[in-house]
Amino acid sequence: PVFTPMGSIAYALAAGNAIVYKPSEYTPSVGAWIVDAINEAIPDQPVAQLITGAGETGAALCRSGVDKIAFTGSGATGRKVLQTCAETLTPVSLELGGKDAVLVDASADLEKAADAVTFGAYHNAGQTCAGVERVYVHEAVYHEFLDRVASKTRALAPGTNRDSSYGPMTMPTQIDVVRRHVLDAMARGGEAVVGGPESVGERVVGPVLLTNVPEESPAIEEEVFGPVIVVNAVRDLDEAVDRSNASSYGLSAAIFSKDRKTMERAASRLRVGSVTMNTWVMNAGVPALPWGGNGESGFGRIHGEEGLREF
């Protein structure tokens, strides 16, 4: 709730605009904190304004006569934003969901890759557009890699305490999505290595590690936005790229290998906004680098020179 909007807010301000910020209806107090901080830093120039509410508030903002809308959220809501802004031809940039894949080559540092996958999948209870949701592992190292991720997954202790590995789900409706994905994957022959349907609680969802899940499953094709990952074996990195590209989403991806040329070759074929090598999504924290996706993951860029030009 703090990091995500700053990619638009900071660049809009840097380009000389005032901003109106509507946070998610689930995190209004965080939005108020951000706007208060901006106005405290710039007391003589009222450049930041907060509005709160649900979908109808966002629709009113789209129709309000602002010069541009930058939206971060789901594809379904992004379509509504685009449709509403079309009424007044208000330009829009959309940073939408993801179904990010991690590709693990036979030569990869498996411990490093397992650390990145575990953190990328479960941090913030998986509630991030760039969360790791699919992992394609070379069959030569599949079993060893799966054992490493399983061990790290079992060590997690989610809950509502300060020392919990991660916290509860933010949106109640997303709990049903997680449950549906897990049940469907197992009904299609997928195996729950850690967790399963019993992991889905009323508020907190325990980590779920699935494998051998068919590629036509919702757990592969749809964004889960929860603490669930699918690890599947592939013949080689080329097959991993093909499976990654089969998704309608295209936000980001990561490749782990000890061969730089192999990674560069694979990266050049991946249809995503950005690719990291031997790390997961660290580029999102580098202000000079552009961030955004294509397909169901939206269009336009935040961060970097491209992000500044958006505003």
Side-chain angles (χ1 to χ4, degrees), residues 1-15 70-75 78 93-105 107-124 126-137 166 223 225 229 237 240-241 243-245 247-311:
V2 175
F3 174 80
T4 299
M6 294 311 296
S8 298
I9 289 173
Y11 290 82
L13 291 173
F71 172 75
T72 302
S74 70
S93 65
L94 299 175
E95 203 273 292
L96 306 177
K99 193 69 184 175
D100 285 10
V102 172
L103 287 56
V104 181
D105 195 19
S107 68
D109 181 331
L110 298 185
E111 183 65 15
K112 186 175 183 180
D115 274 340
V117 164
T118 305
F119 179 78
Y122 301 128
H123 88 287
N124 204 42
Q127 299 167 113
T128 170
C129 56
V132 176
E133 298 203 3
R134 300 176 294 155
V135 187
Y136 296 117
V137 188
Y166 60 79
E223 184 177 31
F225 214 68
I229 46 173
L237 210 55
V241 171
R243 291 197 183 189
S244 176
N245 284 343
S247 173
S248 58
Y249 291 95
L251 187 55
S252 62
I255 307 172
F256 285 81
S257 175
K258 291 180 180 176
D259 187 330
R260 183 179 180 86
K261 289 185 177 179
T262 295
M263 289 191 291
E264 290 177 345
R265 204 161 44 242
S268 70
R269 291 184 54 217
L270 285 166
R271 294 195 296 267
V272 293
S274 59
V275 180
T276 53
M277 298 180 183
N278 291 325
T279 185
W280 171 77
V281 90
M282 298 306 293
N283 56 309
V286 181
L289 297 177
W291 177 261
N294 53 47
E296 288 288 324
S297 295
F299 53 80
R301 293 294 180 264
I302 56 175
H303 303 180
E305 181 179 340
E306 293 90 340
L308 188 64
R309 290 179 183 276
E310 286 280 348
F311 300 101

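All of these numbers come straight from a predicted model, not from anything done at the bench.
- Within the structure, side-chain hydrogen bond (donor to acceptor under 3.5 Å, both in side chains) pairs that include any residue of residues 292-301 comprise Arg79-Glu296 (at least two apart or interchain).
- In this structure a side-chain-to-backbone donor-acceptor pair under 3.5 Å is present from Asp100 to Ser252.
- In this model, a donor atom of one side chain and an acceptor atom of the other lie less than 3.5 Å apart for Ser107 and Ser257.
- Considering only heavy atoms from C-beta on, Glu305 stays 4.5 Å or farther from Pro290 through its side chain.
- Remark: Glu133 engages Lys99 in a salt bridge (Lys or Arg N to Asp or Glu O under 4.0 Å) (not counting sequence neighbours).
- Note that CG of Leu103 and OH of Tyr136 are 8.5 Å apart. Values are rounded to the nearest 0.5 Å.
- We find the CH2-OG1 distance between Trp280 and Thr118 to be 11.5 Å, quoted to the nearest 0.5 Å.
- Between Asn124 atom CG and Phe119 atom CZ the span is 9.0 Å, to the nearest 0.5 Å.
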**Report entry** Pair Ile302-Glu310, side-chain contact (heavy atoms from CB on, under 4.5 Å): steps then yes or no
**Finding:** CA-CA 7 Å; Ile302 56 175; Glu310 286 280 348; 6.0 Å; no
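- The side-chain heavy atoms of Val102 and Arg134, taken from C-beta on, include no pair separated by under 4.5 Å.
- For Met282, the CE atom sits in a loose shell: 12 or fewer heavy atoms of surrounding residues, nucleotides or ligands are nearer than 6.0 Å.
- Contact check for Ile255 versus Thr262: no side-chain heavy atoms found under the 4.5 Å cut-off.
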Query - Evaluation steps, side-chain contact (heavy atoms from CB on, under 4.5 Å), between His303 and Leu308 - result: CA-CA 7 Å; His303 303 180; Leu308 188 64; over 6 Å; no
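- The salt bridge (Lys or Arg N to Asp or Glu O under 4.0 Å) check on Asp259 picks up nothing, with sequence neighbours excluded.
- Gly97 approaches Tyr249 most closely through the heavy-atom pair O-CD2, 3.5 Å.
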Table please: side-chain donor-acceptor pairs of residues 6-14 below 3.5 Å, with sequence neighbours left out.
{"unit_1": "Tyr11", "atom_1": "OH", "unit_2": "Pro287", "atom_2": "O", "d": "2.6"}
{"unit_1": "Tyr11", "atom_1": "OH", "unit_2": "Gly304", "atom_2": "N", "d": "3.4"}

Side-chain donor-acceptor contacts of residues 266-276 below 3.5 Å, not counting sequence neighbours, with atom names and distances?
{"unit_1": "Ser268", "atom_1": "OG", "unit_2": "Arg265", "atom_2": "O", "d": "2.7"}
{"unit_1": "Arg269", "atom_1": "NH1", "unit_2": "Asp238", "atom_2": "OD1", "d": "3.4"}
{"unit_1": "Arg269", "atom_1": "NH2", "unit_2": "Asp242", "atom_2": "OD1", "d": "2.6"}
{"unit_1": "Arg271", "atom_1": "NH2", "unit_2": "Asn245", "atom_2": "O", "d": "2.9"}
{"unit_1": "Ser274", "atom_1": "OG", "unit_2": "Asn283", "atom_2": "ND2", "d": "3.1"}
{"unit_1": "Thr276", "atom_1": "OG1", "unit_2": "Thr279", "atom_2": "O", "d": "2.7"}

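- In terms of heavy atoms, Ala108 sits closest to Phe256 at CB-O, 3.3 Å.
- Taking the six-membered ring for Trp and thresholds of 30 and 60 degrees, Tyr166 and Tyr122 have nearly parallel ring planes, at less than 30 degrees apart.
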Requested in this report: Run the numbers on Met263 and Leu237 for side-chain contact (heavy atoms from CB on, under 4.5 Å), then give the verdict.
Outcome: CA-CA 9 Å; Met263 289 191 291; Leu237 210 55; 5.6 Å; no
Query raised in the report: Run the side-chain contact (heavy atoms from CB on, under 4.5 Å) check on Leu96 and Ser74 step by step: do they pass?
Result: CA-CA 5 Å; Leu96 306 177; Ser74 70; over 6 Å; no
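- Every salt bridge (Lys or Arg N to Asp or Glu O under 4.0 Å) that Glu111 has, sequence neighbours left out, goes to Arg148, Lys152.
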